[in-house]
Participant: 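After the structure tokens below, expect a handful of questions from me.
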Amino acid sequence: MRESIYLDHAATTPVHPRVVEAMYPYLTQVYGNPSSVHSFGRESRQALEKARDQIAGLIEANPQELVFTSGGTEADNMAIIGGALAQRERGRHIITSSIEHHAVLHACEYLEKNGFEVTYLPADKTGMVRVEDLKHAVRSDTILVSIMYGNNEVGTIQPIEEMGRFLQERGIVFHTDAVQTLGVLPISVKELPVDMLSISAHKINGPKGVGALYLGKKVPFTPHLHGGSQERKRRAGTENLASIIGFAEAASIAQEEMPERIAKYQQMRQTMLSCFDEAGIPYQVNGHSEKYLPHILNVSFPDVKTETMLMNLDLEGIAAASGSACTSGSLELSHVLKAMCLDEPVAQSAIRFSFGITNTVEEAERAARKVVEIVHRLKR
Ligand SMILES: *Cc1c(COP(=O)(O)O)cnc(C)c1O
């Protein structure tokens with residue numbers, strides 16, 4: 001049997017065996033509702049708060065400032081819609097960038113339909129949003145800014161420290177989507193000048209359908225789920241305990257293994273690029289040459305269109321992507337590549353390889369060799 005190679009970890013990752021193991025008792029034995037006052041409930045509550053402490057500790061947040069959600073999408077929506085609604089009397093202007101995940105972009109579009117005004121900052125050819133552009137876009141009625149930490153399509157790390165410092169001085173609430181950054185870059189909300197930060201479990205070998213929003217204590221916020229008083233009245237609904245336990249376990253493992261993971265991803269990246277160099281095929285790396293997430297490698301092979309390359313790789317059992325999981329499947333050019341204003345042959349041949357913990361350097365080499373074969377074959 002041919003061995004398939006999964007290089008689409010920016011879309012989602014397999015659940016770590018230790019995570020499954022950690023979750024199991026919370027699906028079978030510890031089933032009390034954390035809000036119940038009897039012993040069953042108390043046991044669940046204790047586990048929930050331990051998981052909260054663990055995840056908060058990893059991003060140096062106060063546990064009370066961590067709100068569990070159903071994933072990155074909900075965390076982004078909560079931050080943007082909840083942050084905007086709470087400040088609507090102060091102003092109606094929001095700033096984001098044109099390279100954000102759809103969870104941010106579509107939440108902003110929803111607000112536009114409801115009386116808010118949104119400025120979408122451009123990105124340069126490396127996928128970087130300029131601090132200067134942000135400074136120029138800020139107005140007296142700007143209430144919220146959302147700029148992602150690391151981009152999920154090309155991996156470019158945004159200058160959020162500089163942006164945050166500028167916004168902090170002006171008292172403007174700053175949210176960052178750190179879903180792709182968690183696990184590959186140390187994150188400290190104590191050091192980062194951010195008010196809100198989104199994370200998700202399934203991008204770091206945790207289960208799907210669970211994430212969290214770091215929500216600073218003093219940040220104006222209006223909840224969007226109404227019901228029970230869970231999560232300190234910021235997000236109603238019985239907590240997804242087993243998944244939250246899994247999230248905490250995945251985050252802890254990621255923290256432990258971070259240096260080795262980064263080193264391996266760099267090696268995989270280098271191996272693939274060396275392979276392309278040796279074969280002498282035309283290619284271009286999309287993104288920033290220094291400020292990039294180590295697990296994301298976006299490359300264009302101008303001789304072969306994205307869809308053709310993906311289809312041929314898939315026939316060989318190699319899973320890569322055109323950009324975000326949400327845009328693949330459609331033939332439309334990704335909004336991120338569009339925003340980067342790449343030359344057409346480059347934009348229309350971009351492939352995202354994203355590495356994960358189960359990958360090996362040998363797999364990266366095999367995948368790169370296949371790419372070379374496909375380029376040679378289809379060019380002929
Ligand atoms: C995957 C992803 C999301 C969405 O997270 P879900 O948990 O899948 O809802 C948001 N932002 C970025 C940058 C992502 O990569």
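We count residues from 1, following the sequence as given. The shown structure was predicted, so the numbers you read here are calculated from the model rather than taken from an experiment. As the structure lists them, so they are numbered: ligands from 1, and atoms in each ligand from 1.
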Participant: Check side-chain contact (heavy atoms from CB on, under 4.5 Å) between H136 and all other residues, then give those that pass, not counting sequence neighbours.
Facilitator: E132
Participant: Could you work out, with side chain to side chain donor-acceptor pair (under 3.5 Å) as the rule, every residue matching S252, not counting sequence neighbours?
Facilitator: Q54
Participant: Sequence neighbours left out, what passes side-chain contact (heavy atoms from CB on, under 4.5 Å) with Y24? Give chain and number order.
Facilitator: T28
Participant: What residue among Q180, H9, K203 forms side-chain hydrogen bond (donor to acceptor under 3.5 Å, both in side chains) with H295?
Facilitator: Q180
Participant: Please report the interatomic distance OG(S198) to NE2(H175), rounded to the nearest 0.5 Å.
Facilitator: 2.5 Å
Participant: Taking the side chain as every heavy atom from C-beta outward, state whether L293 and Y265 have any atom pair closer than 4.5 Å.
Facilitator: no
Participant: For ligand 1, list the protein residues that place a heavy atom within a distance below 4.0 Å of one of its atoms, sorted by chain and number.
Facilitator: G71, G72, T73, D76, H101, M148, N152, D177, V179, Q180, S200, H202, K203
